[in-house]
Amino acid sequence: MKLVKMVTIMMLKIAKNRINEFLAALKEEYTLYAPTSNGVTKFEKIEDLTSICFLPNRTDISLKSIFFPPKQKFFRWKRGEMGYELEDYLDGEEKKVIFGARGCDIRSLKILDMYMRGEFSDPYYEKRRKNTIIIGISCDYPRESCFCSAFGGMVPEDGYDLWFTDIGTHYFVDVGSDIGKELISLGFFQEASPEDLRKKKRRIEKVQFEIERRTRIDLCEVKRCSQEIKKKSQDEIWRELGEICLCCGKCNFVCPTCHCFDVRDIPSFDGSEGYRIRVWDSCHLYEYAKTSAENFRKEKHARVRYRVYDKFVFPVMRYGVYACTGCGRCTEVCPAGINLREVLRRLVE
Amino acid sequence: MAERRIRIGEITKIEGHANLTVEIGDHEVKRVIFGVHEGSRYFEAFMKNRPYYYLHELSGRICGICTVAHEIASIKAVERALGIDVPDNARRIRELMLISSHIQSHVLHLYFLALPDYVNAESIIEIAKNNRELVKKAFRIKEATNYMTALLGGRAVQPCTLVPGGFTKRITSTELENYKKKMKELYPLLVETADLFLQLEYPEFERDCEYVALWDGKSVPLYDGKIKSTHHIFSEEEYEEHLKEYVVEYSSAKRSLIDGQDYMVGALARLNINPYLKDEAKELAEKYGIKFPSRKVAWINAAQAVENVHYALEALELADEVEEYEPRKSPPKNLDGDGVGAIEAPRGLLIHHYSFKNGKAKKINIITPTAMNTENIERSLKDHLSNLVDESDEVIKMEAEKIIRAYDPCISCSVHVVRTR
Amino acid sequence: MEFLNLEAQILDLLKYLGIKNFRLAKEINEMPVDIAFVEGTPTNREEIIKLLKIRKGSHILVALGSCASTGGVPALVNTLRKREAMDVYDGEPPEIPIDPKPLDYYVDVDYRLYGCPFSKDELIELITDIIIGKNYRDKEYSVCVECSLRENGCLLEQGLLCLGPITRGGCNALCTANGKPCLGCRGPYEDANIKAHIKVLLDMGFSKEEVMEALSLFSYEKFKEVIAWLKEE
Amino acid sequence: MRNPYLPEVVPIREVIEETCDTKTFRIATHLLFNPGQFVELSVFGYGEAPISISGGGDGYLDLTIRAVGNVTNRIHRMKAGDYVGIRGPFGNGWPLEKAKGKNLLIVAGGIGLAPLKPVVEYVCRHREEFKMVTLLYGARRPSLMLFKYKFREWEKFMDLLLTVDEPEEGWKGHVGVVTTLCDKIKHRSDTITLMCGPPIMMKYTSMVLIELGFPPSEIYLSLERNMKCGIGICGHCAVGGVYVCRDGPVFSLNKALRFIEKPHEVQGVLD
Ligand SMILES: Cc1cc2nc3c(=O)[nH]c(=O)nc-3n(C[C@H](O)[C@H](O)[C@H](O)COP(=O)(O)OP(=O)(O)OC[C@H]3O[C@@H](n4cnc5c(N)ncnc54)[C@H](O)[C@@H]3O)c2cc1C
Ligand code: SF4
Ligand code: SF4
Ligand code: SF4
């Protein structure tokens, strides 16, 4: 008890040139995921520490697919004595460390948890999600499309084990959990000075200010803003967006909180065995809400509206939070140039 | 003796639709008509006025088999015409692609189209019933070669990484390693294949004609070289002076002659013109008493089998030299110009020739191997069948088909492409 | 042709299917058949008649590849006036050409395998579905979907002219994964917002000609109207 | 923790032909359910489909299925002894408790009678728990009516109002859409209405019932949506912020009308 108290008061930092040692030590025991760059930046399993990419801000592709891969096998079936034999494909139980997660990444995991580990828990997600250590890091400067300030800012309140902030030759380190406390006992960390703390604060404020300046919306009053958007369900904006949206689905796939999936059976030639898999799905696609009786979201504008509502209205009604992190990925990939930040501004103002 | 007409309405086991009519009278073959009755597709017409960066996409669709060869020839012509730089490395990778697609094409022809003729089977499906292992082997080679082409080209048919100037994607050392590994695995199978096909009894028929192939005086080139025939050597750009095309009324495919003579292109022509086989391949051939140059038409099949071994070795050497390829931009230096790309497709010499104005193709000429071979096929048939005039229709038909199939003609290719003025 | 590229699977497949009529691999050709795969599109009258015969003699007719299902590259000839096309033969074609059209212009087509070349995976899916009696459905979503599932970067974002957003998925985004923008070889899907995408491309700075070129490359038959509209604009 | 995506493999015990396109499959399982709940039915190789439970008893469940697509067509070719997979039961079911002591109006169209059959059977067993009970059932044609062999028994316990869109030989009953029968309902007030059928039918019937004075808060609808998981994760069934699989499939009309994204089933009602 005493130790814990001491640690929480202590301010820590780690020298940049010791990061690799630290990660190597972690890699001994855990599978390490960190950003890499091969045309696009994304989180990948790290075999070789030199392939880690230290980015100034978030990755192009979110870390969703580590826990919820685009295609995932549920089970294999095989015709047998007693009808069918099923073989489950629950996998990915290894202990993971994710290094280099951003505030939006961490918030997105909390949102995904809300969907996937709620009343009904998704075992395939659960299995990959548990035993995950998260080391987050502050952004050096925001991307053009970022608007996390609308959701409380760049540094999340919780959800990380360690949080790094660049203060020159060192990273300032915040500890966010008991596991974090264990990690700092590994011996790579040293005490930080009040000057370091000031540096950290200045650093974060600067970036934060830049994001706010661009975003110019504040959705922090979740309930009120959500109500505001809710009122606009018949607004002409939806028709406008419906005209230009290509319904390509890219915004859904890159979104770190989109979790829809389709379930498919892949049989062998004679159907005696096969796999049941799930594949990411998108609410912008024509067949998404199609049943034998009717297609319930045939018009494109209804699909566009649905996505915005499913981020800013429905989850608020259900869970009291937005299902958006302000990462701006959807805006960045949208070929039609639909900018979620602008859409929200129009809706809220 | 009354005149006899023997007709094969549709020749099977070749790519495309063609028919054959043989007219016999007075104990001699009066006329052989090798007709192509596929409708024309006017590639050269609609490729006109298309921008240079789409030409290889279109020409890749001329034929479903030699897509790699067509795309590469097309790109080569574009690059020459517009002064687009190609790194040496990219050139070599293209050569590797050509090699794996050559082997693929040869294996397809040998096992699936030619072999049934020599083992008296109706089709490969029948062979599969009795000798599953053999067919499995053929499929394994095909699969391996397709895999290799796909490593570099994205996919084996209609590769999607080729662009003027190089490739669209990074070609990593792992991919090159895998190519090499696969080729090594494949090599014994190719030797076995050669063993099998060199043993077969081919029709003894011999005939003199011109052979035409790329030539560089030291190897059996696929990608670069001068054009050499039995009697001439000329550069790619000079092809128009020597190869003259014409239309015959009973066929929708154009034909051509080299300085007034019919000529043969393809595996046999390549080996006849280029006596530079790798030792292993040469020894293998000689083990079965097969030597090049040779005038035996049916030895085309033997030549293909030998080539497989040769090119596999060639590829292994090449792959050692090749380094990783990083995509880079290399824009055309000029938008007007004229360029010829001649390469060796599996069935023989393939020439693409474009003239550009403002980046758009204004003149297009494509001569495919089969178009070059048709006149030669017809004349070979006439000679060969002359020795058989007294045989029954069945025998004549069968012998005729054997000869035609030996050439591995690709009818679709020959029709799809015709010259524009 | 691509059939033989099924390689490993083909022998497996023969356990369930007999191939009755396969001119390339086999000599004797029989009718009627259960499934007829037709590749390419008729180029002369004889072939139209043959196609009608095949339709009559087969239970299921599958249009294999771009040419058969959308008209494909050969349909580009429809951009020309007849005279220009015939110039190819120095003005004397052996036969008056007919316009390349998708097979369903002539006969009912049960299934289509889009693409040039069509996707092996889809062929396997179709054959499996036919054998086990399942509905095979055309993909009603864009290539972007498959591109996103592969999580490779987007070429359109890099400023290349990509037709992925309006092109029917099913190819597993092969070209784009290899760094080549989608040229629409599978044709547009029903729900595609074609005009909106054209606008996107124009806004990106591509000229009308460039966009028209790209659209007509593989699916001229399907984009005819849009191209005409674009010319008008 | 049991994997909710993993179906239980169970045999079909019996197949009962209902109409030309509908069959009832008696599945051997010990699952317990509430009327109005559904299961996810797997036919391996063909996929999964949500199917309402149309009855049950000792060691079995009944699934009444109309052949429209992959799963449903395939199961129609199956026979007793063949195996399928089921997951569930899912969904909230009909608010039977609320109806106790009140009048009960059951409105069904076509296959929509399947999820309502357990309610009807409950009424037959516990008639005393309700005041007046009416079953209003419409089908496209007389030959497409489900459970005709049960009607005689049901009639003993409730008012049975039947109608068809197109008559056939021998049909002496009412002709017309379901709404044309609504004025024959003998009870107006203090009535809980349970309704299931095609979207268009639910919409017009709701309108007419409201006009007749039935309050929307006492009308319950069972919605049909595309469903992949049945447990509110896959997202397909979401409508206006609720998951039909988890929060429904039964909703009060009142609630459905307040969804932000109005379900098609009630579009136009009260406008
Ligand atoms: C809660 C709930 C309860 C239900 N209860 C029942 C019940 O008790 N009994 C019952 O019969 N049904 C019931 N249904 C409906 C049933 O779930 C659907 O009919 C079923 O999902 C169809 O599945 P399938 O795999 O057979 O069809 P699928 O193959 O998935 O096809 C579904 C629909 O897709 C469309 N489709 C099919 N082929 C094509 C094509 N080639 N191109 C385009 N579209 C196509 C058609 O509209 C088709 O009807 C219920 C649905 C829900 C949500
Ligand atoms: S990315 Fe843009 S165009 Fe594509 S579906 Fe989303 S909003 Fe529409
Ligand atoms: S909706 Fe857009 S901004 Fe919000 S989390 Fe998803 S991708 Fe990021
Ligand atoms: S590269 Fe093309 S197909 Fe892929 S996501 Fe981008 S626009 Fe779509």
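Residue numbers begin at 1 in each chain, while the letters A, B, ... track the order of the sequences.
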Could you tell me whether [X] atom [atom1] has more than 12 heavy atoms of other residues or ligands within 6.0 Å of it?
X	atom1	result
K199(C)	NZ	no
F54(A)	CZ	yes
K208(C)	NZ	yes

*Residue by residue, which of residues 250-263 of chain A have a heavy atom closer than 4.5 Å to a heavy atom belonging to chain C?*
K250(A), F253(A)
*Non-hydrogen atoms of chain A under 4.5 Å away: do they reach the side chain of S142(C), the backbone, both or neither?*
side chain
*asked:* Using heavy-atom distances under 4.5 Å, tell me whether D203(C) contacts chain A through its side chain, its backbone, both, or neither.
replied: neither
State the [atom1]-[atom2] distance between [X] and [Y], to the nearest 0.5 angstrom.
X	Y	atom1	atom2	value
E140(C)	K290(A)	CD	NZ	9.0 Å
T128(C)	D265(A)	OG1	CG	12.5 Å
Y141(C)	D281(A)	OH	CG	9.0 Å

*Answer whether the closest heavy-atom distance between the side chains of I132(C) and F269(A) falls below 4.5 Å.*
no
*Less than 4.5 Å apart, any side-chain heavy atom of L149(C) and any of K71(A)?*
yes
_For chain C, which candidate among G271(A), P267(A), G249(A), S268(A) shows the most heavy-atom pairs at distances under 4.5 Å?_
P267(A)
*Largest heavy-atom contact set with chain C, pairs under 4.5 Å, which of S65(A), A336(A), G337(A)*: S65(A)
*Does D191(C) offer a backbone N or O that forms a donor-acceptor pair with the side chain of K300(A) under 3.5 Å?*
yes
*Who in residues 153-171 of chain C is close to chain A, using a strict under-4.5 Å heavy-atom cut-off?*
G153(C), C154(C), L156(C), E157(C), P165(C)
